[in-house]
Amino acid sequence: MTAVTDRVETPAAAKVPPRRRFGVVNAFSHTVLVGWAVLTTFPLLWAVLSAFKSDNEILTSAWSLPSKLHFDNWSRAWTEANIGLYFLNTAVVVSGALVLTMLLGAMAAYVLARYTIRFGRFIYFLFVGGMMFPVFLALVPLFFVVKNLGLLSTHLGLILVYTAYSLPFTVFFLTAFFRTLPSDVAEAAMVDGCSHWGLFFRIMLPMARPGLISVGIFNLLGHWNQYVLPIVLMQGEGAEKKWVLTQGLTALTINQGYAGDYGALFAGMAIAMLPVLILYLAFQRQVQSGLTAGQLK
């Protein structure tokens, strides 16, 4: 009877869920993540709310909600502070640099990942080494190179420099991603008569969409927030009309700080950060899938 009883009770005992391990570690990690999320989102929300306040409310009740929405702050920042012009200049420079970076970076990464070429490994490590080269060491020679090319204080010069400094990370990231793509599809396409160009643009690029979106978002954030390169390369007479947002916000901080128009200052900051924030939130799942694709495969 004892043996029979044990056999009957064993399945019921197996249904008891096991005790979760590392409960303290999980609680601590979740607490840290929640605290990090609060520290990250609170300044953004505070800046957006301050953009709808009057100067008196910003100085006297900085942590309260606005009693009235002052949309005139946004209009003053857009027109009088020239944030609209700086926003357009930034969109032109970032769009051109992003397209050029993704095209050249994807082509270089695809060749390094899928083809056996002479000195291919050496070329790959050159790109990796470029990631460790700080931009501050190249500012002076870079200034004279761009000046000698006649591209100083031009959007084209800024686009080319942005592209050059974004290629190492792009090639490094996409090379690892292209290596995870299946070879059977490429071989079948080549058997069906697909050319190397057609294989890349019609088959491999669509398959690499998660990785392209991930590295594209990172490059977009880096280009949008770039400050040192525009300060060095956008100089001279009439360069103010070609400034990007980071330069415009710096000038707005100085000017509005003396003028006391803090509402327009916060509105300009909100205009600069909201587009990239909305874009990142819209593509956050694609970014996560692109970052984990190589590990899962």
Under 3.5 Å, sequence neighbours excluded: what are the donor-acceptor pairs made by side chains of residues 217-225?
{"from": "N219", "atom 1": "ND2", "to": "T170", "atom 2": "OG1", "distance (Å)": "3.0"}
{"from": "N219", "atom 1": "ND2", "to": "V215", "atom 2": "O", "distance (Å)": "3.2"}
{"from": "H223", "atom 1": "ND1", "to": "N219", "atom 2": "O", "distance (Å)": "3.4"}
{"from": "H223", "atom 1": "NE2", "to": "S166", "atom 2": "OG", "distance (Å)": "2.5"}
{"from": "W224", "atom 1": "NE1", "to": "A272", "atom 2": "O", "distance (Å)": "2.8"}
{"from": "N225", "atom 1": "ND2", "to": "L221", "atom 2": "O", "distance (Å)": "3.1"}

Let me check something: any side-chain donor-acceptor pairs from residues 109-116 under 3.5 Å, sequence neighbours excluded? List them with distances.
{"from": "R114", "atom 1": "NH1", "to": "F178", "atom 2": "O", "distance (Å)": "2.9"}
{"from": "R114", "atom 1": "NH1", "to": "L181", "atom 2": "O", "distance (Å)": "2.9"}
{"from": "R114", "atom 1": "NH2", "to": "S183", "atom 2": "OG", "distance (Å)": "3.4"}
{"from": "Y115", "atom 1": "OH", "to": "H196", "atom 2": "ND1", "distance (Å)": "2.7"}

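Under the ring pair (Phe, Tyr, Trp, His ring centres under 6.0 Å) criterion, no residue pair touches residues 226-250, with sequence neighbours excluded.
When atom types are taken as modelled, the side chain of K53 and the backbone of S67 share no donor-acceptor pair closer than 3.5 angstrom. Side-chain N or O atoms of N89 include one that pairs as donor or acceptor with a backbone N or O of K241 at under 3.5 Å.
Rounding to the nearest 0.5 Å places CG of L69 at 11.5 Å from OG of S54.
Side-chain contact between L65 and L49 is present, with at least one heavy-atom pair separated by less than 4.5 Å. Between P210 and I213, every side-chain heavy-atom pair lies at or beyond the 4.5 Å cut-off. In this structure, M234 and H155 have side chains that are in contact, with non-hydrogen atoms separated by less than 4.5 Å. Considering only heavy atoms from C-beta on, N73 stays 4.5 Å or farther from F266 through its side chain.
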- request: Apply side chain to side chain contact (heavy atoms under 4.5 Å, CB included) to the pair W197 and M107, showing each step before the final yes or no.
  value: CA-CA 10 Å; W197 287 95; M107 294 174 66; 3.7 Å; yes
message: The test is side chain to side chain contact (heavy atoms under 4.5 Å, CB included); show your working for L229 and Y162 and say whether it passes.
response: CA-CA 8 Å; L229 293 177; Y162 279 12; 4.0 Å; yes
field: Evaluation steps, side chain to side chain contact (heavy atoms under 4.5 Å, CB included), between I278 and L281
entry: CA-CA 5 Å; I278 294 173; L281 293 177; 5.7 Å; no
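Other members of the cluster containing F119 are F122, L126, with ILVMFWY side chains joined at under 4.5 Å, either directly or via other members.
The aromatic rings of W63 and F42 lie parallel to each other, their planes meeting at an angle below 30°, with 60° marking the opposite boundary.
Residues E57 and S64 bring no donor and acceptor atom of their side chains to less than 3.5 Å of each other.
Here the options are L279, V48, L44, the test is side-chain contact (heavy atoms from CB on, under 4.5 Å), and the partner is L274; only V48 passes.
For the ring-ring contact (aromatic ring centres under 6.0 Å, His included) test, no residue two or more places apart in sequence or in another chain qualifies with F127. For F172, there are no ring-ring contact (aromatic ring centres under 6.0 Å, His included) partners at least two apart in sequence or on another chain.
The cationic group of R76 does not satisfy the cation-pi geometry with Y262, failing either the under 6.0 Å distance to the six-membered ring centre or the 45° limit from the ring axis.
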